[in-house]
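Here is the naming used below: chain letters follow the sequence lines, and residue numbers restart at 1 for every chain.
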2 protein chains.
Amino acid sequence: MRQINQPAYHHGNLRRVIIDAALQAIIESGPAGWSLRELARRAGVSHAAPAYHFGDKQGLLTAVAAEGFAMFADTLERAAADVWEVGVAYVRFAIDHRPYSEVMFRPELYRADDPSITSARERAANVLVTSAGTLSPSPEHDRLTTIAAWSLAHGFAGLWLSGALPESADGDPEALARSMIRLVFGAMR
Amino acid sequence: MRQINQPAYHHGNLRRVIIDAALQAIIESGPAGWSLRELARRAGVSHAAPAYHFGDKQGLLTAVAAEGFAMFADTLERAAADVWEVGVAYVRFAIDHRPYSEVMFRPELYRADDPSITSARERAANVLVTSAGTLSPSPEHDRLTTIAAWSLAHGFAGLWLSGALPESADGDPEALARSMIRLVFGAMR
DNA sequence: TCGCTATCTTGTCAATGTCAAGATAGGGTG
DNA sequence: CACCCTATCTTGACATTGACAAGATAGCGA
């Protein structure tokens, strides 16, 4: 419901409100269990208002993914000082920002070639490559080590988020991920 | 279009035909980009016919996931003789049976507590636990090694399927996965 | 004050999932 | 062979949705 005395035809901040409503709906119903009309109702605007800002449903999810990838790249860049913590930061981001990561992990939901998405993904990939290089046993194993580090972090985050790991009921994901990374890459150096 | 002389009210094998149509549609449009009515049209029956066999859309995806998990458990059990090949078999299954794995990796699409799903998942988990135990450096690291093996295989498969790895354009996923597993677990023994 | 553009609202249409009522086909029994 | 019951459909209806178009309004700049 709009505020009293607020003009009906100019929300002022509708784009942000719709994105926040989408994040809330994704928490409640997953990345595909809600509708644009439902978000419009929550925002107190007409069913077609979000289309002005996003074009269509995929456009909205592209905006959500772009925000997510930008925050994700920032997170990995901040963690890059300690190569042992990059994988942990990957897992922490995926879990702490679940609605973002649920969308980010589903490229069919958004326009993956959106420039803000590709540039943020490249920033994140650079951190992964650089930190994995540090953990690699030798230069010819750099690429394989990068793939292993990425697979480990991505796989762990996905299993935790889907509830496949029994530990996700009451465990500490960061501590578990950190121990796993120590076990795997500690043996390689 | 139904065969000539085939009774209109008794397809005879509609359940199988709808599941096959769903797998084909998932290949074409992903796990959420098709409709029950579209599958009914492809099968040449009315829009409500699939509901008799599956109840609703989620029921159909539950049947798809159940088939997938049963085949997956069979695949891992066959690979169990060589613990180094279990992770490779995981990746091979996910890629060779892409429509199944795209659904299986999305528990919000189906009823995960369906008994045929939980029993098949338990069979698969048993193989993972047993083979990872063999690769573990010591008994107190068994659980962590299992989680690492599962994360590695699951993460690699997911990255490959989503096209996130550049290697997925023209690489050999099994060979790449096998090399990665050798690198990671070879150092732990 | 006016004009232009951003930002909405209203309305429409095709498609969908689901549900209910009814039609038909097959199989078993007397 | 006929009848009855159940499995397996078909037909119809309804609410909701995404997308699109036309139009209304609010803000800003000249």
Side-chain angles (χ1 to χ4, degrees), chain A residues 1-22 24-26 28-65 103 106 108-111 114, chain B residues 1-26 28-65 103 106 108-111:
Chain A
M1 181 64 73
R2 219 179 316 246
Q3 301 286 6
I4 298 205
N5 295 334
Q6 185 172 347
Y9 276 71
H10 193 69
H11 187 283
N13 195 28
L14 186 58
R15 187 178 191 280
R16 176 79 258 148
V17 168
I18 292 293
I19 291 179
D20 288 342
Q24 184 62 34
I26 293 164
E28 292 166 7
S29 316
W34 48 271
S35 66
L36 279 177
R37 290 191 184 221
E38 185 192 336
L39 304 188
R41 284 194 293 274
R42 292 186 188 194
V45 293
S46 69
H47 58 273
Y52 176 77
H53 295 275
F54 302 103
D56 54 16
K57 190 173 188 181
Q58 191 181 37
L60 169 58
L61 290 171
T62 301
V64 168
V103 174
R106 308 279 176 84
E108 76 275 8
L109 293 175
Y110 54 89
R111 298 184 176 97
D114 181 274
Chain B
M1 181 63 73
R2 220 182 313 252
Q3 300 288 6
I4 298 204
N5 296 335
Q6 186 174 345
Y9 276 72
H10 193 67
H11 187 282
N13 196 26
L14 186 58
R15 187 178 192 281
R16 176 77 258 149
V17 168
I18 293 292
I19 289 178
D20 289 344
L23 295 169
Q24 184 61 34
I26 292 163
E28 293 165 7
S29 316
W34 48 272
S35 65
L36 279 176
R37 287 191 186 222
E38 183 192 338
L39 304 188
R41 283 195 293 274
R42 292 187 188 192
V45 294
S46 70
H47 58 274
Y52 176 77
H53 295 276
F54 302 104
D56 54 16
K57 191 172 187 182
Q58 189 181 38
L60 168 59
L61 290 171
T62 301
V64 169
V103 173
R106 308 283 175 81
E108 77 274 6
L109 293 176
Y110 55 87
R111 297 184 176 98

Tell me: [atom1] of [X] to [atom2] of [N], nearest whole Å?
X: B:Asn13; N: D:dA7; atom1: CG; atom2: P; result: 18 Å
X: A:Arg42; N: D:dT17; atom1: CZ; atom2: P; result: 11 Å
X: A:Leu36; N: C:dC8; atom1: CG; atom2: P; result: 15 Å
X: B:His11; N: C:dG26; atom1: NE2; atom2: C1'; result: 16 Å
X: A:Leu60; N: D:dT17; atom1: CG; atom2: C1'; result: 15 Å
X: A:Glu38; N: C:dT16; atom1: CD; atom2: C1'; result: 17 Å
X: B:Arg37; N: D:dT11; atom1: CZ; atom2: P; result: 13 Å
X: A:Gln58; N: D:dA19; atom1: CD; atom2: P; result: 9 Å

Distance in Å, [X] [atom1] paired with [Y] [atom2], rounded so as to fall on 0.5 Å steps:
X: B:Ile18; Y: B:Leu23; atom1: CD1; atom2: CG; value: 11.5 Å
X: A:Glu108; Y: A:Gln58; atom1: CD; atom2: CD; value: 10.0 Å
X: A:Leu61; Y: A:Ile26; atom1: CG; atom2: CD1; value: 6.0 Å
X: A:Phe54; Y: A:Leu36; atom1: CZ; atom2: CG; value: 9.0 Å
X: A:Arg106; Y: B:Arg106; atom1: CZ; atom2: CZ; value: 4.0 Å

**Asked** Under 3.5 Å, side chain of B:Thr62 to main-chain N/O of B:Arg111, donor-acceptor pair present?
**Response**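 Yes; judged by distance alone, with no hydrogens or angles, the pair exists.
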
**Asked** Any idea which heavy atoms bring A:Val17 and A:Ala43 closest together, and the distance?
**Response** CG1-CB, 3.8 Å

**Message:** Between the base of D:dT8 and the side chain of B:Arg15, is one N or O donor paired with an acceptor at under 3.5 angstrom?
**Reply:**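 Under the 3.5 Å cut-off, the side chain and the base do not form any donor-acceptor pair.
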
In terms of side-chain heavy atoms of [X], which of [options] is nearest?
X: A:Tyr9; options: D:dC9, D:dG18, C:dT7; value: C:dT7
X: A:Ser46; options: C:dT18, D:dC9, C:dT9; value: C:dT9
X: B:His10; options: C:dG26, D:dG27, C:dT16; value: C:dG26

**Item:** Contact list for DNA chain D against residues 47-54 of chain A - heavy-atom distance below 4.0 Å
**Value:** A:His47, A:Ala48

**Message:** Does D:dT16 have OP1 or OP2 under 4.0 Å away from a side-chain N or O of A:Arg41?
**Reply:** no

